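All remarks here apply to the structure that follows.
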Protein chains: 2
Amino acid sequence: MSYMRYDSRLSGVLHILLHLAEQNGPMTSEVLARAMETNPVVIRRIMAGLRNQGYVRSEKGHGGGWSLARDLSRITLRDIYTALGSPALLAIGNRTESPDCLVEQAVNTALDRAFHDAEALLLARFGEVTLSMLRAEVHDRLATRGEPYNHDLETVHAS
Amino acid sequence: MSYMRYDSRLSGVLHILLHLAEQNGPMTSEVLARAMETNPVVIRRIMAGLRNQGYVRSEKGHGGGWSLARDLSRITLRDIYTALGSPALLAIGNRTESPDCLVEQAVNTALDRAFHDAEALLLARFGEVTLSMLRAEVHDRLATRGEPYNHDLETVHAS
DNA sequence: TCTCATGTAACTCATGATATTACATGAGAA
DNA sequence: TTCTCATGTAATATCATGAGTTACATGAGA
């Protein structure tokens, strides 16, 4: 498997949650991992965080797996981002935290302003979008295409 | 040396350029590397890019080193960012580029909008700030403090 | 009690950024 | 000319991190 230069967990988790929403029963880490082309343990690790925040449920044993614990209209992208532990948003930053050098202080101040505003913008955008909006968009696209309804994860993500 | 979780080259280079501006003659990679707590070769690699874009000059031999090749008022943070090869700004991104799955398409579209706007904001901010503005800020801070003038890199960055 | 599924610790592996080594090139001083 | 200083750059090594993997424990249902 090739490695990402950036963190794609948010993208991956949203994908999983939307598939769960179109599903009757729970889905196993095994199945989700195949679809996401990763390892079941990785799925469990990520989903464990969401479960602790009350977004999903997990059940052991026969017929067990992962399912949604809350209505999609009450979950924003920002909620999920936070539930993932608020990973770093920016790939660039200052060389040092609180330098003695005045020159460096000036550089840091200028860059920090820009960094802070960009992060605030991202978070604000994330906060405006609920998962139910994304689901609606999926249904719109399906309707536009006029294709038969198929949300089945195994079929869609067949390798 | 401890490692950064993000790219701090922009921050480092700006710092170097502002110190060069307060300097009479050229400064060697050796001296700059000590101040930036890195290796002279790293300095040369980074500065080589800036030289090719016409922002700095390098001279070999006795009395050689790095010096500015353009007025600070004609260099924006964005210029330097670009000269560094426009490194990635965001630390998060989509799992896949152009997925077949409609659900993933919807997720990507939503996230991409936010990502794009945040990047545009950052670049716009970078474009508004010239290095001469930063130098002015340094001088303001010095004046406010009422301290004696000292831009000497070796002194300020004494370990 | 057997199987399935999650829970989690421990470990391995791949990658990319940075650092280091080594040597070539060119400029000025002696 | 020759010595020293400084950049130019290829090749290599190091290190932090994220992701993947293995192994085994726990608990639920058939």
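Predicted, not measured: the structure shown is a model, and the values here were computed from it. Chain naming here is simple, since letters A, B, ... match the order of the sequence lines and numbering starts at 1 in each. All values below were derived from every heavy atom in this structure, side-chain atoms included, with hydrogens, water molecules and symmetry-related copies excluded.
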I need the [atom1]-[atom2] distance between [X] and [N], as an integer number of Å.
| X | N | atom1 | atom2 | answer |
| --- | --- | --- | --- | --- |
| A:N39 | C:dT6 | CG | P | 12 Å |
| A:I43 | D:dT21 | CD1 | P | 12 Å |
| B:R34 | C:dT20 | CZ | P | 14 Å |
| B:D7 | D:dA16 | CG | C1' | 15 Å |
| A:E30 | D:dT21 | CD | C1' | 13 Å |
| A:M27 | C:dA5 | CE | P | 12 Å |

Q.
Suppose clustering is done on Ile, Leu, Val, Met, Phe, Trp and Tyr with side-chain heavy atoms closer than 4.5 Å. Which residues sit in the same group as A:V41?
A.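 Its cluster mates, by chain and number: none.
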Q) Looking at residues 79-93 of chain A, who's got a heavy atom less than 4.0 Å off DNA chain D? A) none
Q) Which residues, if any, of residues 44-61 of chain B bring a heavy atom under 4.0 Å of DNA chain D? A)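 Contacts with DNA chain D under 4.0 Å: B:R44, B:R45, B:R51, B:S58, B:E59, B:K60, B:G61.
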Contacts of type side chain to side chain donor-acceptor pair (under 3.5 Å), residue [X], not counting sequence neighbours:
| X | result |
| --- | --- |
| A:T76 | A:D79 |
| B:T82 | none |
| B:Q53 | none |
| B:R9 | B:D7 |

With a cut-off of 3.5 Å and sequence neighbours excluded, list every side-chain donor-acceptor pair involving residues 121-136 of chain A.
| from | atom 1 | to | atom 2 | distance (Å) |
| --- | --- | --- | --- | --- |
| A:R125 | NH1 | B:D117 | OD2 | 2.5 |
| A:R125 | NH2 | B:D117 | OD2 | 2.7 |
| A:T130 | OG1 | A:S132 | OG | 2.9 |
| A:T130 | OG1 | A:M133 | N | 3.2 |

Q: Apply side-chain contact (heavy atoms from CB on, under 4.5 Å) to A:R51 and list each qualifying residue two or more places apart in sequence or on a separate chain.
A: A:A48, A:V56, A:S58, A:W66
Q.
Using the side-chain contact (heavy atoms from CB on, under 4.5 Å) criterion, which residues pair with B:N108? Sequence neighbours excluded.
A.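 B:N108 satisfies side-chain contact (heavy atoms from CB on, under 4.5 Å) with A:S11, B:N94, B:T96, B:P99, B:E104, B:D112 only.
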Q.
Can you identify which nucleotide, out of D:dA19, C:dT18, D:dT7, has its nearest atom closest to the B:R9 side chain?
A.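 Ranking D:dA19, C:dT18, D:dT7 by closest atom to the B:R9 side chain puts C:dT18 first.
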Q) What residues form a salt bridge (Lys or Arg N to Asp or Glu O under 4.0 Å) with B:E30, not counting sequence neighbours? A) B:R34
Q. Would you say B:T38 reaches C:dA19's phosphate, i.e. side-chain N/O to OP1/OP2 under 4.0 Å?
A.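 For C:dA19, OP1 or OP2 has a side-chain N or O of B:T38 closer than 4.0 Å.
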Q.
With a 4.0 Å cutoff (strictly under), does any side-chain N or O of B:S29 reach OP1 or OP2 of D:dA6?
A. no
Q. Is the closest side-chain donor-acceptor distance between A:R141 and B:T109 under 3.5 Å?
A. yes
Q | Main-chain N/O of A:G12 paired with B:R95 side-chain donor or acceptor, under 3.5 Å | A | no
Q.
Counting Watson-Crick and G-U wobble pairs with both distances under 3.5 Å, what is the dot-bracket string for DNA chain D, 5' to 3', using [ ] for crossing pairs and | for pairs to another strand?
A. ||||||||||||||||||||||||||||||
